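Take a look at the structure set out below.
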Protein chains: 2
Amino acid sequence: MFSIGELSRRTKVKVPTIRYYEEMGLLTEAERTSGNQRRYDKAGLERLSFIRHARDLGFSIEAILSLIELQEHPDRSCEAATNIAVSQLSDVREKIKRLKVLERELKRISKGCDGRGISEDCYVLASLADHELCCREH
Amino acid sequence: MFSIGELSRRTKVKVPTIRYYEEMGLLTEAERTSGNQRRYDKAGLERLSFIRHARDLGFSIEAILSLIELQEHPDRSCEAATNIAVSQLSDVREKIKRLKVLERELKRISKGCDGRGISEDCYVLASLADHELCCREH
DNA sequence: CTTGAACCTCTAGTCACTAGAGAGTGTATA
DNA sequence: TATACACTCTCTAGTGACTAGAGGTTCAAG
């Protein structure tokens, strides 16, 4: 059994975040010492590692809640889990796509001004003011 | 002169968002009718278009505040504007980079399970539980 | 038994909005 | 001119996933 600080050190999840996860129902309520401090065991550590891994991959708290529920029912179909992962993947792809459009546009805009002139002639400012200067939708 | 609703329609920025921008100091306080309703003119429309364009490119409110300040002083050096744009560009590139790592990992995980089995054997859930199954840092 | 790091709960703040309540205003039509 | 009703006003609270801080308590080492 170890403290929340120890759990934090081992998982690299900050202490207030651990408490937040508990509040959100991602972590079952931890055992407490007589002095009301949380104590965790291996199961708690594994659960939090699972959560951290999922968060690192960008899954929402809500999605993780569903994943945990499935994990706790090993006999159930895992269709939902796969769906969640696939949908997360397409979310990520969508984000990449949009960011690439921004990248292209920002690159073009940044290149237009070396920062040595005055604001009046600045291509960055002109581009923002006038959408017509953009080469594609964004 | 036109109403906030009309401005909203023309810029595709929602009415509460326009009021929010005003509160944040992005928009100067609009003129009012005798009945206290906001009225805008061409200058207001251009300013909001500028803001929208910048937001679409992912600039923060704070960054936009700086950009607007520069825009209002046409005689000043535009170095800051270029810096803001360049820094935004590198932010975007950083995000893309991280998302690509996630994409790769999620793709691998998703492929590992077709969703037709049971939770116990699900590769998605197993991968989340065990970071060792990952092929690279993320 | 003392010290001090770690822990507790609670509230409030972050960012860029979004939603809703309850009241007042503007304008087109009868 | 009266009415209808879409639009607008301000204000408060909520979103997601934390983060920060206050003010107080507990644990473990020496």
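Lettering of chains follows the sequences in order, A, B, ..., and the numbering in each one begins at 1. Atoms considered below: every heavy atom in the structure, side chains included; atoms not considered: hydrogens, waters and symmetry mates. Note that the structure is a prediction, hence the values are computed from the model and not measured.
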Applied to residues 60-76 of chain A, the salt bridge (charged side-chain N to carboxylate O under 4.0 Å, His left out) test, sequence neighbours excluded, yields A:Arg47-A:Glu72, A:Glu69-A:Arg76

Residue pairs passing the salt bridge (charged side-chain N to carboxylate O under 4.0 Å, His left out) test with at least one member in residues 34-45 of chain B, sequence neighbours excluded, are B:Glu22-B:Arg38, B:Lys42-B:Glu46

Under 4.0 Å between a side-chain N/O of [X] and OP1 or OP2 of [N], yes or no?
| X | N | answer |
| --- | --- | --- |
| B:Lys14 | C:dC17 | no |
| B:Ser3 | D:dT8 | yes |
| B:Arg55 | C:dC15 | no |
| A:Arg38 | C:dC7 | no |
| A:Thr17 | D:dT19 | yes |

Quickly work out the [X] [atom1] to [N] [atom2] distance and round it to whole Å.
| X | N | atom1 | atom2 | result |
| --- | --- | --- | --- | --- |
| B:Asp56 | C:dC17 | CG | P | 10 Å |
| B:Phe59 | C:dC15 | CZ | C1' | 17 Å |
| A:Glu62 | D:dG14 | CD | C1' | 15 Å |
| B:Glu29 | D:dC9 | CD | P | 12 Å |
| B:Asp91 | C:dC15 | CG | P | 14 Å |
| B:Met1 | C:dG26 | CE | C1' | 15 Å |
| B:Arg32 | C:dT25 | CZ | C1' | 13 Å |
| B:Tyr40 | D:dC9 | OH | P | 7 Å |

Note: contacts of residues 18-26 of chain B with DNA chain C (heavy atom, under 4.0 Å) are B:Tyr20, B:Tyr21

dist B:Leu67:CG -> B:Cys78:SG (nearest 0.5 Å) comes out at 11.0 Å

Here the gap from B:Leu99 atom CG to A:Leu99 atom CG, rounded to the nearest 0.5 Å, amounts to 6.0 Å

(Q) Are the side chains of A:Thr11 and A:Tyr40 in contact, using a 4.5 Å heavy-atom criterion? (A) no

Notebook entry, point to check: Side-chain contact, heavy-atom cut-off 4.5 Å: B:Leu70 with A:Cys122?
Noted result: no

Within the supplied structure, the quantity of interest is the number of heavy atoms (other residues, nucleotides, ligands) at a distance under 6.0 Å from A:Arg32 CZ; does it exceed 12? yes

Residue set satisfying side-chain hydrogen bond (donor to acceptor under 3.5 Å, both in side chains) with A:Arg19, at least two apart, ordered chain then number -> none

Applying side chain to side chain contact (heavy atoms under 4.5 Å, CB included) to B:Gln88 and not counting sequence neighbours gives A:Leu106, B:Phe59, B:Asp91, B:Val92

Considering only heavy side-chain atoms of B:Ile4, the closest of D:dT8, C:dT18, C:dC7 is D:dT8

B:Arg93 vs A:Lys107, side chain to side chain contact (heavy atoms under 4.5 Å, CB included): CA-CA, chis, key distance, verdict | CA-CA 10 Å; B:Arg93 284 185 169 147; A:Lys107 194 167 95 187; 3.0 Å; yes

Distances under 3.5 Å between protein N/O atoms and the N/O atoms of nucleotides 26-30 of chain D, please, pair by pair.
residue: D:dC27; atom: OP1; partner: A:Thr33; partner atom: OG1; Å: 2.8
residue: D:dC27; atom: OP1; partner: A:Gly35; partner atom: N; Å: 3.1

Students often get this wrong, so: under 4.0 angstrom with heavy atoms, is A:Arg9 touching a base, only sugar-phosphate, or nothing? nothing

